Amino acid sequence: MTHIVGKWKYIFLFAALLLVIAGCGGSGTSKNEAKKEESAGSYTVKHAMGTTKIKGTPKRVVILTNEGTEALLAMGLKPVGAVKSWTGNPWYDHIKDKMKGVKVVGTEDQVNLEAIAALHPDLIIGNKMRQEKIYDKLNAIAPTVFAETLRGDWKENFKLYAKAIHREKKGEEVLKAFDERVQQIHDKLGDQINTKVSLVRFMPGDVRIYHNDTFAGVILKQIGLKRPASQDKDDFAAQHLTKESIPQMDGDVIFYFDYETGDGKATQAEKEWTNDPLWKNLKAVKAGKAYKVDDAIWNTAGGVLAANQMLDDLQHYLLNE
């Protein structure tokens, strides 16, 4: 009996050893496949909708967000198709010279699938927040990569795009250059780093005070500039304000911008609010430190090119450079 038990013990041990060897073999096969994939010029990108395998280095890229367009341009890749800028005809002024020959494929919230298909792209880059419902249709046209959201830290999307177009090294260089500029501004500001910066936006039917989780808010925070206490919140904005809220717009400096689409409504709202006695009584206004800046640069475009131009504005208004 003891002899039989011992025999079975060795059989079980042998079986277990075979399983371990098989497992190791499987792992090795996976690594080999990854190496083969890499040597064949294909790679896999994890993103908001799962994973996507991309063959070769993409050359014909369609981009479906404004900030994504700027990311591609900054890394030296002109898209074959892009969504129309929120303002401009069809591109923002600060990118129009770089977008000659690029086809319009709708807007961020109304993409033209036929126009995209006609361009025969080898990669499509979009955004879950904007285009989740049409992801499968896009993916049927070409491999498609989606970022998660359009709010908050724009650099996260930028890094994803760099990986998607197989230009991670160039992407790192672009971000490093931006971060170095931020550090230089921080150092030059000295004690002015404690300046409390207010952000105000005028829109048709909506006036907002922007908080930290916005394009401009993230950049101000990276520099180290302060915000008024009522604005120093890690959320999006105070929206649909009434003129009784004007005192909350005060700071050592106010940067304000309007989303003007051509019908004059945003410009009219700005005029009405900035002519109100409550606005004229703000500390920053009386000190001559309420500055109107470009909405595309400070908010709407949301990309790395706009971010650098926002740094230009901060250097001009805060450092007189």
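This is a predicted model, so every value here is computed, not measured. In what follows, residues are counted from 1 in the order of the sequence shown.
Using modelled atom types, no side-chain atom of E272 and backbone atom of N275 make a donor-acceptor pair closer than 3.5 Å.
Put simply, the side chain of R181 reaches to within 4.5 Å of the side chain of Q315, judged on heavy atoms. The closest side-chain heavy-atom distance from E172 to L175 is not below 4.5 Å.
In the model, Q184 has no side-chain atom that pairs as donor or acceptor with a side-chain atom of E180 under 3.5 Å.
Listed by chain and residue number, N212, K221 satisfy the side chain to side chain donor-acceptor pair (under 3.5 Å) test with D234 (two or more places apart in sequence, or in another chain). In terms of the side chain to side chain donor-acceptor pair (under 3.5 Å) criterion, K137 has no residue partners (sequence neighbours excluded).
We find that D179 and K176 are not joined by a salt bridge, their nearest charged nitrogen and carboxylate oxygen being 4.0 Å or further apart. Salt-bridge check for K163 with E168: failed, with every basic side-chain N at 4.0 Å or more from each acidic carboxylate O. In summary, K265 and D258 do not engage in a salt bridge, as defined by a charged side-chain N under 4.0 Å from a carboxylate O.
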Return all side-chain donor-acceptor pairs below 3.5 angstrom for residues 199-207, not counting sequence neighbours, or 'none' if the list is empty.
residue	atom	partner	partner atom	Å
R201	NE	D295	OD1	2.7
R201	NH1	Y210	OH	3.1
R201	NH2	D295	OD1	3.4
R201	NH2	D295	OD2	3.1
R201	NH2	T300	OG1	3.2
D206	OD1	H240	N	2.7
D206	OD1	H240	ND1	3.4
D206	OD2	R208	NE	2.7
D206	OD2	R208	NH2	3.2

Quick one: side chains of residues 280-289, donor-acceptor pairs under 3.5 Å with protein atoms, not counting sequence neighbours, listed by atom name and distance.
residue	atom	partner	partner atom	Å
N281	OD1	K286	NZ	3.4
K283	NZ	D252	OD1	3.3

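Within the structure, ring pair (Phe, Tyr, Trp, His ring centres under 6.0 Å) contacts touching residues 94-131 (residues at least two apart or in different chains) are Y92-H94.
Residue V105 belongs to a hydrophobic cluster whose other members are M49, V62, L64, V80, V83, V111, L113, I116, L119, I124, I134, Y135, L138, I141, F146, with links defined by side-chain heavy atoms closer than 4.5 Å.
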